[in-house]
Amino acid sequence: MADDKKLTTRAQDFSAWYNEAVLRAELADYSPVRGCMVIRPNGYGIWERMQRALDDMFKATGHQNAYFPLFIPESFLKKEAQHVEGFAPETAVVTHGGGKKLEEPLIIRPTSETIIYSMFAKWVHSYRDLPLLINQWANVVRWEMRTRLFLRTLEFLWQEGHTAHATHDEAEDEARRMLGVYRDFMEAWMAMPVVTGQKTDAERFAGALRTYSCEAMMQDNKALQAGTSHNLGQNFSKAFDLTFQSESGSLEHAWNTSWGVSTRLVGGLVMTHGDDNGLRVPPLLAPIELVVVPIYKTDEERTQVVEAANRIVAGLHDWERRRPGRLRVHLDARDGIKPGAKYYEWELKGIPLRMEIGPRDLAKEQCVLVRRDTREKRPTSLNTLGEDVAELLVRVQEDMLIAARERREANSIRERITYDRFREVMDGDGAFVYAGWCGNPACETAVKEETKATIRVLPDEEFRSAEAPTACLKCGQGASAEALWAKAY
RNA sequence: CGGGACGUAGCGCAGUCCGGUAGCGCACCUGAAUGGGGUUCAGGGGGUCGCGGGUUCAAAUCCCGCCGUCCCGACCA
């Protein structure tokens, strides 16, 4: 819809709005291969900043980066029974190489547990080799039936951490710790609040003992599984003979964890913060934090204003040396495009802060700063510009998280709810519903069939309701746990 | 794999019923004016009409076959 200047209204069709927003903000494009996407520089810039921040966090928690092969022998995948059952239906398989049929087909990794733990088995001999903490940045392939830009593509970029530990408790601590790292990242960097907790057996990773996840609420009140962390127990170490000699001399199987987040986060960012004018990117992740738009009529004015703008940008660069990290500022000096058109373009891309500067401003030694999140305009003196910009960026980052959290809570139901009412809610606007679960998988399945909602997680304590639910949402029998029920992407 | 729709310029579409010179909007290029929230005017470039076959003097249009995409279900980070 190149001639339609406004984005589709979210209320009418959030999915249509999402596709439109992603394409028009030039985050991604469709590729010639169905279900795969091309990430454009603007989208990759956001992902790159996510990558860097996460990588720093992984380094700080003692993990090292490594790289493992794209191809996995078919027999490897089959070594862990649940794992192959879970992933076999969605694998891409290479059967020919060099013009000849291969003796053993090669799977294009849907995830790397098998190849990584087969190597861990070579590297680990003693309890002194543990814990082994590895992360890899890679692309993986899962042959999904239905795809959506960023949220579910056949091929996607991600990070997968894989660790080996001497005891169950150490592995459990690691899985929980990395879930916390994800949560911190999503809230502090993405301004995207999440509910953490444990997955039910139905939603557990194929081959894991326990799966933990971060669930974020999108603007259509659906949940997005934004990151997962698994305690794999000894399932893979037994399948790949990953053993070590303990301090007491006995031979034992190691305990593994794995955890990952993907380019799906970029989609989550769009679905959390976007509005009818396009994206809203939190300052910490914005490839450009501040865009300067000069305003002028005549050529003389243009010369004068652009020169002044260049001076101001240089001044900001000078000032920024006192601030950690370089201020990412862009002067949009393109001629022949009216300022209004530039405003729309940068708003569409979600640049958090805009500076408008023209002859009238220069005469008053000021400029106008405009926040993308609230679109609030504020005249600002050029003398204190550095401090004001820095302060505004911090405030925008904070306010976006607060706004997202308020929206989530406004669409959460914690009061006791009947199943009929629950069905109405799920048929209507949807919500995060905190209600009891008896622990019976049959109830979970029945609800999924009837409403398409599932148990997203059994929330961690801090997310649970003040009063523990007493009855199962579906069967009304005694509740053994509180569950977060919602529709999901 | 079941149900529905579509395939015509970079994007969005009209034209198909009723066969007769390949069109529109946006984007792009040139020029001029304009410039504090999506500028205006004038000129211009760009398409084997998804692919293959058939009917016909003549096919985007009718017939047959194939391919592809999107939406709705089952699968999923």
Side-chain angles (χ1 to χ4, degrees), chain A residues 1-8 13 15-16 19-20 23-24 26 29-35 85-91 110-111 139-160 182 199 202-206 211-216 223-230 258-268 277-278 293-302 305 334-348 354-364 366-368 370 375 377 379 445 448-449 452 454 456 488-489:
Chain A
M1 267 184 260
D3 59 338
D4 187 3
K5 304 217 161 169
K6 281 193 175 162
L7 277 164
T8 320
D13 186 348
S15 293
N19 277 325
E20 192 77 12
L23 292 172
R24 299 232 335 245
E26 297 182 353
D29 205 347
Y30 294 113
S31 85
V33 180
R34 181 197 75 88
E85 195 185 321
F87 282 104
E90 56 182 53
T91 52
T111 177
N139 53 346
V140 292
V141 169
R142 296 183 187 175
W143 214 263
E144 305 290 352
M145 310 235 162
R146 235 144 100 225
T147 59
R148 192 192 288 274
L149 293 169
F150 284 111
L151 297 187
R152 188 171 305 106
T153 45
L154 290 196
E155 181 201 359
F156 56 94
L157 284 168
W158 78 343
Q159 146 291 301
E160 49 181 326
Y182 284 157
K199 288 286 194 186
E203 301 266 320
R204 206 182 55 211
F205 177 78
T211 289
Y212 300 101
S213 96
C214 298
E215 300 284 333
L224 183 77
Q225 184 172 306
T228 48
S229 180
H230 318 288
S258 71
W259 26 275
V261 295
S262 73
T263 41
R264 165 176 264 202
L265 290 179
V266 178
N277 297 303
V293 179
I295 296 154
Y296 47 81
K297 282 195 194 112
T298 60
D299 279 354
E300 296 92 279
E301 272 184 4
R302 174 177 150 79
V305 173
R334 288 175 298 173
D335 200 11
I337 299 175
K338 289 179 80 171
K342 292 181 182 176
Y343 299 166
Y344 277 93
E345 186 177 325
W346 294 112
E347 283 179 359
L348 193 65
R354 175 175 81 235
M355 181 197 300
E356 305 175 359
I357 187 151
R360 295 210 298 264
D361 295 308
L362 286 179
K364 288 190 276 182
Q366 66 161 40
C367 66
V368 177
V370 188
R375 299 179 99 204
K377 292 193 177 194
T445 310
K448 185 174 183 181
E449 275 169 14
K452 290 181 200 162
T454 54
R456 300 316 306 157
Y489 276 100

Under 4.0 Å between any heavy atoms, over every strand shown, what does [X] touch: base, sugar-phosphate, or nothing? Just pick one.
X        : result
A/Pro359 : base
A/Ile337 : base
A/Lys452 : sugar-phosphate
A/Gly260 : nothing
A/Leu224 : nothing
A/Thr228 : nothing
A/Thr153 : base
A/Gly336 : base
A/Gln159 : nothing
A/Asp335 : base
A/Gln225 : sugar-phosphate

Would you mind pulling out the nucleotide paired to [N], Watson-Crick or G-U wobble, both distances under 3.5 Å?
N     : result
B/G2  : B/C72
B/U34 : none
B/G65 : B/C51
B/G25 : B/C11
B/U56 : none
B/G45 : none

Exercise. Using the aromatic ring of A/Tyr344 (for Trp, its six-membered ring), decide whether it stacks on the base of B/G38 within the limits of 5.5 Å and 30°.
Key: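 Yes, A/Tyr344 stacks on the base of B/G38, since the ring centres sit under 5.5 Å apart and the planes are within 30°.
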
Rounded distance in Å between the [atom1] positions of [N] and [M]:
N     : M     : atom1 : answer
B/A58 : B/U21 : P     : 15 Å
B/U48 : B/U40 : P     : 31 Å
B/G2  : B/C66 : P     : 14 Å
B/U16 : B/A77 : C1'   : 44 Å
B/C24 : B/C67 : C1'   : 29 Å
B/C64 : B/G23 : C1'   : 29 Å
B/G46 : B/U30 : C1'   : 15 Å
B/C70 : B/C18 : P     : 32 Å

With respect to the side chain of [X], which nucleotide from [options] is positioned closest?
X        : options             : value
A/Val368 : B/G35, B/A74, B/G36 : B/G36
A/Arg264 : B/G36, B/G35, B/A77 : B/A77
A/Lys338 : B/U39, B/A77, B/A74 : B/U39
A/Arg360 : B/C75, B/G37, B/G36 : B/G36
A/Arg354 : B/G37, B/U69, B/C75 : B/G37
A/Tyr296 : B/A77, B/G37, B/G35 : B/G35
A/Phe156 : B/G38, B/A77, B/G37 : B/A77

If you measure from the Lys or Arg side-chain nitrogens to the Asp or Glu carboxylate oxygens, is any gap between [X] and [Y] under 4.0 Å?
X        : Y        : answer
A/Glu20  : A/Arg24  : yes
A/Arg334 : A/Glu345 : yes
A/Glu347 : A/Lys342 : no

Quiz prompt | Sub-4.5 Å side-chain heavy-atom contact between A/Leu154 and A/Trp143 | solution =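 SC-SC contact between A/Leu154 and A/Trp143 confirmed.
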
Quiz item: Within a strict 4.5 Å, meaning less than it, do heavy atoms of the A/Leu362 and A/Ile357 side chains meet?
Solution: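 Answer yes - side chains close enough.
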
Which whole-number value in Å describes the distance from [X] [atom1] to [N] [atom2]?
X        : N     : atom1 : atom2 : result
A/Glu85  : B/C75 : CD    : C1'   : 14 Å
A/Tyr30  : B/G10 : OH    : C1'   : 16 Å
A/Met145 : B/G3  : CE    : C1'   : 16 Å
A/Lys377 : B/G36 : NZ    : C1'   : 7 Å
A/Arg146 : B/C72 : CZ    : P     : 4 Å
A/Glu26  : B/G10 : CD    : P     : 18 Å
A/Leu149 : B/C70 : CG    : C1'   : 12 Å
A/Arg456 : B/A77 : CZ    : P     : 9 Å

Practice problem: Could you say whether A/Trp143 or A/Val370 is positioned toward the 5' end of RNA chain B, judged by the nucleotide with the nearest heavy atom to each? | Solution: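 That would be A/Val370.
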
Quiz item: Between A/Tyr489 and A/Arg375, which has a closest nucleotide on RNA chain B that is more 5'?
Solution: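 Whichever sits nearer the 5' end wins; that is A/Arg375.
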
Quiz item: Can A/Arg354 be said to sit on top of A/Tyr343's aromatic six-ring, NZ or CZ under 6.0 Å from centre and within 45° of the ring axis?
Solution: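 Ring-cation test returns yes.
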
Quiz item: Is it true that A/Phe205 and A/Phe87 have ring centroids separated by less than 6.0 Å?
Solution: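 Judged by ring-centre distance (under 6.0 Å), A/Phe205 and A/Phe87 do meet the cut-off.
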
Quiz prompt | Shortest non-hydrogen contact from A/Ala206 toward A/Gly86 | solution =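 So the minimum-distance heavy-atom pair works out to CB-CA, 3.8 Å.
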
Quiz prompt | side chain to side chain contact (heavy atoms under 4.5 Å, CB included) between A/His230 and A/Arg204, worked out | solution = CA-CA 9 Å; A/His230 318 288; A/Arg204 206 182 55 211; over 6 Å; no

Exercise. Mark yes or no for a side-chain to base donor-acceptor pair under 3.5 Å between A/Glu20 and B/G12, with no hydrogen or angle criteria applied.
Key: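 Looking at the base of B/G12, it does not pair with any donor or acceptor on the side chain of A/Glu20 (distance under 3.5 Å).
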
